[in-house]
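Heads up, the thing below is written out as structure tokens.
Nothing fancy with the numbering, it's 1 onward along the sequence.
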Amino acid sequence: MNQSVLETKNVLVDRARALIPKLREFSQDIDKNSRIPEEIVDDLKNEGLLKVLRPHMFGGHQTNMRAFTEVVTEISRGNGSAGWFVCLSNIRDYMISYTFGEKALDEIYGTGKDVVLAGNFKPIKCNIKKVEGGYFVEEAQWPFVSGSPHADWCYFGFPLADENGGMEMAIMVVPREEIEILDDWNVMGLKGSGSNSCRIQNVFVPEHRVSLDRLASKGHYLIDPLKDVALYRSSFVPSLTLSIVGPALGLAQAAMDLYMERLPKAGIGNTFYHKQNEAPITHHQVAQAQLKIDTAEMFLYRAVDKIDSCAERGEVMDTSEIVKVKADFGYVNQLCKEAIDLLVAGVGSMFTYHNNPLQLVYRDFFAMHLHGFITPSSLIETYGRVLCGQEPNTYFV
């Protein structure tokens, strides 16, 4: 790892870790109001935690996926919604820088404002026409646009007729003032992530703010000043998958923190164990949970370091490597779930109260755990297929 990147990483991780107490203090408020307070968003901006993957030329830290993951882990350890917001906001800096040309990037970042980015690829409603100089969006809508209430710009995927009469995916970027954010994020977990639906009506998007997914994923639009920067050579699909599993480890660590904080004051109902920390079952639960968290950490950083090392050497990850990295991420998701389940089993009926901080961690984790990008069974099955000489059962490689 480049020394300057390492030094920047250490500073950013320390800043993220220092916010954990405040994030936990605000957690019930975030859960109750389904929104991250502007005070917290301002803290994240002021500490530089929303531009970990942004190019230097646009005021960012331009680090790597390891720095990004460690920052996300610490913020998620404080609050799941904040961790998800930091994770998705940062990966969009990488994605936007990777997939759009200089004119679009200058529009987005040129004001010098510390912008927040949001977006989603798959629309649930889409009526977009090619017109002279760009595209006209008559009406389109996208779900799960995490961070949208705080966003300055959003990217959106949409289907486009290709030159052979088929369909391909394109990506556009749109300023906040042209987007309607719907109040429909009514969910059990990650309530403050701001994953609302977004709607656009009667908006013109100029040609330079649209890219073709098949070209964008290969770095076709990458501008000259960024072509030799290792970060922007990071494999596209594994990096986007990382952005979904990123908060998992921090949430599992948070569950362990909260469990151990309560442990000296707890007993086990209907037994003679007035001190839970003296019970053999507790010893087994805690040890197994911690070992699963430790294993998840090893798998997570093995995969992240693989992405970074290939990027630093300028190597393109092949399909088998991508499938293995994604399987690692799926296994991290599975291990963290198993660890949290063990800890929840040791809490007892106190877990049922909504103001129990471990319940909030569980709900936040479970909302993340269900995301289709990181479903353990699917990612592990794909890895098994490749090990057995079969083709991957997904186009997302």
Side-chain angles (χ1 to χ4, degrees), residues 20 24 27 69-70 72-81 83-84 87 187-190 193 238 241-263 266 268 276-277 279-306 323-352 356-385 387:
I20 290 175
R24 288 184 180 170
S27 284
T69 307
E70 290 194 36
V72 168
T73 295
E74 295 301 327
I75 295 298
S76 302
R77 197 167 185 166
N79 178 264
S81 288
W84 187 265
C87 193
V187 291
M188 60 171 274
L190 295 177
S193 67
T241 308
L242 171 61
S243 72
I244 304 302
V245 79
L249 179 63
L251 282 164
Q253 291 171 335
M256 179 61 79
D257 292 342
L258 295 169
Y259 185 91
M260 298 305 291
E261 182 181 303
R262 173 185 176 276
L263 189 60
I268 300 180
Q276 188 176 357
N277 60 2
I281 184 62
T282 301
H283 305 157
H284 279 276
Q285 287 171 332
V286 168
Q288 289 185 59
Q290 187 61 60
L291 287 167
K292 289 178 184 292
I293 292 169
D294 292 346
T295 306
E297 183 174 9
M298 288 188 286
F299 271 83
L300 177 63
Y301 289 124
R302 180 181 75 172
V304 171
D305 289 344
K306 174 71 172 179
V323 167
K324 181 174 177 56
V325 164
K326 291 180 64 181
D328 282 348
F329 292 151
Y331 198 47
V332 167
N333 188 12
Q334 177 178 311
L335 286 167
C336 290
K337 174 68 162 54
E338 291 171 359
I340 293 172
D341 283 343
L342 280 165
L343 298 172
V344 167
V347 174
S349 58
M350 296 299 294
F351 178 76
T352 59
N356 186 304
L358 185 55
Q359 190 204 93
L360 174 55
V361 168
Y362 182 87
R363 287 190 281 111
D364 283 348
F365 180 87
F366 202 67
M368 183 220 74
H369 175 76
L370 295 172
H371 198 290
F373 264 27
I374 54 168
T375 303
S377 57
S378 296
L379 298 185
I380 293 170
E381 179 200 350
T382 302
Y383 182 43
R385 285 180 61 86
L387 288 175

Looking at side-chain heavy atoms only, is the closest gap between I281 and Q285 below 4.5 Å? yes
Would you say the side chain of M298 lies within less than 4.5 Å of the side chain of R302, judging by non-hydrogen atoms? no
Taking side chain as C-beta onward, heavy atoms only, is Q334 less than 4.5 Å from I380? yes
Please check: side-chain N/O of Q359 versus main-chain N/O of F351, any donor-acceptor pairing under 3.5 Å? yes
Is any side-chain heavy atom of P247 less than 4.5 Å from a side-chain heavy atom of V72? yes
Taking S76 for its side chain and T73 for its backbone only, find out whether a donor-acceptor pair lies under 3.5 Å. no
Spacing of CG belonging to L263 relative to OG1 belonging to T282, to within rounding of 0.5 Å: 6.0 Å
Just so I know, are the side chains of D341 and Y362 near enough to count as touching, which here means a heavy-atom distance under 4.5 Å? yes
Using the ring centroid of each side chain, check whether F329 and F299 are separated by less than 6.0 Å. no
Shortest non-hydrogen separation from A255 to L343 and the atoms involved: C-CD1, 3.7 Å
Determine, step by step, whether Q290 and D294 satisfy the side-chain hydrogen bond (donor to acceptor under 3.5 Å, both in side chains) criterion, reporting the C-alpha distance in whole Å, the side-chain angles of both residues, the deciding distance to 0.1 Å, and the verdict. CA-CA 6 Å; Q290 187 61 60; D294 292 346; 2.9 Å; yes
Quick one, E74 and I20 - any side-chain contact, counting heavy atoms below 4.5 Å? yes
In Å, rounded to the nearest 0.5 Å, how long is the span from CD1 of I293 to SG of C336? 7.0 Å
Determine whether more than 12 heavy atoms belonging to other residues, nucleotides or ligands lie under 6.0 Å from atom OH of Y301. yes
Do the side chains of K292 and T295 get nearer than 4.5 Å, heavy atoms only? no
Evaluate whether atom NE2 of H284 has more than 12 neighbouring non-hydrogen atoms of other residues, nucleotides or ligands under 6.0 angstrom away. no
Closest non-hydrogen atom pair, L242 against C87: O-SG, 4.4 Å
Using the side chain to side chain contact (heavy atoms under 4.5 Å, CB included) definition, which of the options N79, I244, D364 pairs with W84? I244
Mind telling me whether F373 and H371 have parallel, tilted or perpendicular rings, with 30° and 60° as the class edges? perpendicular
Tell me if a side-chain donor or acceptor on Q276 pairs with a main-chain N or O of G346 at a distance below 3.5 Å. yes
What's the shortest heavy-atom distance between K326 and L379, and which atoms? O-CD1, 3.1 Å
Give, for atom CG of L358 and atom CZ of R262, the distance between the pair rounded to the nearest 0.5 Å. 9.0 Å
At their closest point, which heavy atom of L300 faces which heavy atom of V332, and how far apart are they? N-CG2, 3.5 Å
Measuring only between side-chain heavy atoms, which start at C-beta, is Y331 closer than 4.5 Å to P376? no
As an exercise, state the distance from CD of E338 to CD1 of I340, rounded to the nearest 0.5 Å. 11.0 Å
So, for V245 and M368, which heavy atoms are closest and what is the spacing to 0.1 Å? O-SD, 4.3 Å
When rounded to the nearest 0.5 Å, the distance separating CD of E70 from CG of L249 is 10.0 Å
Approximate separation, where rounding is to 0.5 Å, of N333 CG and T375 OG1: 7.5 Å
If you compare all heavy atoms of R77 against all heavy atoms of A254, which two are closest, and at what distance to 0.1 Å? O-CB, 3.4 Å
Do K306 and D328 sit within salt-bridge range, that is, some charged N less than 4.0 Å from a carboxylate O? no
